[in-house]
There are 2 protein chains.
Amino acid sequence: MSTSKAELMDVIAAVGGAYYQDFAAVAARQGLTPVQAKVLGAAVRAPLPMRALAEALVCDASNVTGIVDRLESRGLVRREAGPQDRRVKIVTATDEGRAAILAVREDMKSVHDALDRLDEQERDTLHAILQKLLPELSQLTA
Amino acid sequence: MSTSKAELMDVIAAVGGAYYQDFAAVAARQGLTPVQAKVLGAAVRAPLPMRALAEALVCDASNVTGIVDRLESRGLVRREAGPQDRRVKIVTATDEGRAAILAVREDMKSVHDALDRLDEQERDTLHAILQKLLPELSQLTA
DNA sequence: TATTGTTATACTCTATAACTATA
DNA sequence: TATAGTTATAGAGTATAACAATA
């Protein structure tokens, strides 16, 4: 076959885009935007400072204020004082926030089931190749 | 190894996200947002109606008006009358628009070079697997 | 002085609803 | 009646610049 690099990148972009659409649809079912779901998911995995959220979102720190404001006004996260540095605010998920993310994860299983189209060997191969590719793609804008 | 589906999806999402960041950075060098670069790229491939652009962007048709307005005010696209149906407006790239997209494509080559980390067989394998996966992922929100 | 988070501002993208002009 | 595109509106995400509190 001999796939051109541009062709292959197009397919990577298409798969990435399709995944994002699916994720956005699942998040919307909980009344969350994709960015809100991403932040809430991160906070559920581990409480973390505003600054760290900005890095996770690859956006300016000033934006995080509004995003967390909206989550907090819905009672999905709390801002807690940093234990050592009093400038830092730690974003922590509430029980309600945790429940919302659990629902998102549950719904994402139907998206994950798209992988059933691949056999186990294909999944392992895909995983290995993508992990090899990821650092190269990530460092370009880093 | 035996990769879990969730693990594999995380890597797919990470690669998709990294690609998007790279694309956004390249588009920004031409003063374009990612959405603008996508619309302009589509118009350069072939002139097409507003309605078709809305489908390509997976957004409401009303949004396309503003996006095309901004491209048109910069002289990158033109709205032309539809040949048969007078309701339709065909978005066509200008020479300047074409030049901007050529610059984007040129810059994207450095992103494509991330694929040099893979040998030819890996690229063919990756392409084949992703193409098998794409329809499954796409139909969920379709 | 440097860093964390916030505010103020402006722009883009987004959906919804109501409108027009065509078909 | 239905469709293509627009307008009006409101909300969310984004960057920049200036600021307060803390380090």
Side-chain angles (χ1 to χ4, degrees), chain A residues 17 20-21 23-25 27-43 47-74 76-92 141, chain B residues 17 20-21 23-43 47-74 76-92 100 141:
Chain A
Y20 184 79
Q21 291 296 329
F23 177 67
R29 289 171 64 174
Q30 304 304 320
L32 297 169
T33 66
V35 166
Q36 286 168 354
K38 193 170 177 182
V39 164
L40 190 50
L48 78 184
M50 304 286 284
R51 186 67 41 172
L53 285 172
E55 283 166 24
L57 295 177
V58 195
C59 76
D60 190 84
S62 63
N63 302 315
V64 180
T65 300
I67 295 165
V68 170
D69 278 351
R70 288 183 276 277
L71 289 173
E72 194 170 31
S73 71
R74 287 176 50 189
L76 302 176
V77 301
R78 267 193 314 270
R79 272 180 248 234
E80 298 183 346
Q84 293 145 20
D85 189 331
R86 282 170 34 187
R87 293 171 302 178
V88 172
K89 293 183 185 169
I90 307 290
V91 179
T92 308
T141 48
Chain B
Y20 184 79
Q21 291 295 330
F23 177 67
V26 164
R29 289 172 63 173
Q30 304 302 320
L32 296 169
T33 66
V35 167
Q36 287 168 353
K38 194 169 175 182
V39 165
L40 190 50
L48 78 184
M50 305 286 283
R51 187 67 43 172
L53 285 171
E55 283 167 24
L57 294 177
V58 195
C59 77
D60 190 84
S62 63
N63 302 314
V64 180
T65 299
I67 295 166
V68 171
D69 279 352
R70 288 181 277 277
L71 288 172
E72 194 170 31
S73 72
R74 287 176 52 188
L76 302 176
V77 300
R78 266 192 314 270
R79 271 181 250 236
E80 299 183 347
Q84 292 142 22
D85 189 331
R86 281 172 33 188
R87 294 173 302 180
V88 173
K89 293 182 186 172
I90 307 290
V91 179
T92 307
T141 48

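Just so it is clear, the structure is predicted and the values come from calculations on it, not from any experiment. Order of the sequence lines fixes the chain letters, A, B, ..., with proteins taken first and strands second; residue numbering starts at 1 for each chain.
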field: Matching residue for B:Gln36 among B:Thr33, B:Val39, B:Leu40 - test: side chain to side chain contact (heavy atoms under 4.5 Å, CB included)
entry: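 Single pass found, and it is B:Thr33.
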Inter-axis angle, terminal five-pair segments of the helix from C:dT1-D:dA23 to C:dA23-D:dT1 [nearest 10°]: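 Comparing the first five pairs with the last five, the axes sit 0° apart.
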message: Reading DNA chain D in the 5' to 3' direction, which nucleotide is the first one with an atom under 4.0 Å from a heavy atom of chain B, and which is the last?
response: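 Contact boundaries, 5' end first: D:dA2 to D:dT7.
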message: Is any side-chain heavy atom of B:Leu57 closer than 4.5 Å to one of B:Asn63?
response: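 No, their side chains stay 4.5 Å or more apart.
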For the [atom1] atom of [X] and the [atom2] atom of [Y], what is their distance to the nearest 0.5 Å?
{"X": "B:Ile67", "Y": "B:Glu72", "atom1": "CD1", "atom2": "CD", "answer": "13.5 Å"}
{"X": "B:Phe23", "Y": "B:Leu32", "atom1": "CZ", "atom2": "CG", "answer": "8.5 Å"}
{"X": "A:Glu80", "Y": "A:Thr92", "atom1": "CD", "atom2": "OG1", "answer": "3.5 Å"}

- request: Return the minimal non-hydrogen interatomic distance between A:Leu48 and A:Ala43, and the atom names on each side.
  value: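 For A:Leu48 and A:Ala43, the tightest heavy-atom pair comes out as CD2-CA, 4.2 Å.
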query: Do you know which two heavy atoms are closest between B:Gly31 and B:Arg74, and how far apart they sit?
result: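 In terms of heavy atoms, the two residues are closest at O-NH1, 2.8 Å.
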All salt bridge (Lys or Arg N to Asp or Glu O under 4.0 Å) counterparts of [X], not counting sequence neighbours:
{"X": "B:Asp85", "value": "B:Arg87"}
{"X": "B:Asp69", "value": "B:Arg79"}
{"X": "A:Arg86", "value": "none"}

Atom pairs, protein N/O to nucleotides 5-7 of chain C N/O, distance under 3.5 Å:
residue: C:dG5; atom: OP1; partner: A:Lys89; partner atom: N; Å: 2.8
residue: C:dG5; atom: OP1; partner: A:Lys89; partner atom: O; Å: 3.3
residue: C:dG5; atom: OP2; partner: A:Arg51; partner atom: N; Å: 2.7
residue: C:dG5; atom: N7; partner: A:Arg51; partner atom: NH2; Å: 3.4
residue: C:dT6; atom: OP1; partner: A:Arg79; partner atom: NH1; Å: 2.6
residue: C:dT6; atom: OP1; partner: A:Lys89; partner atom: NZ; Å: 3.3
residue: C:dT6; atom: OP2; partner: A:Thr65; partner atom: OG1; Å: 3.0
residue: C:dT6; atom: OP2; partner: A:Arg79; partner atom: NH1; Å: 3.3

query: Taking the nucleotide of DNA chain D with the closest heavy atom to each, which residue, A:Leu57 or A:Arg86, is nearer the 5' end?
result: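 On the 5' side of the pair lies A:Leu57.
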- request: Report the distance from atom CG of B:Leu53 to atom P of C:dT14, rounded to the nearest whole Å.
  value: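 In whole Å, C:dT14 P lies 12 Å from B:Leu53 CG.
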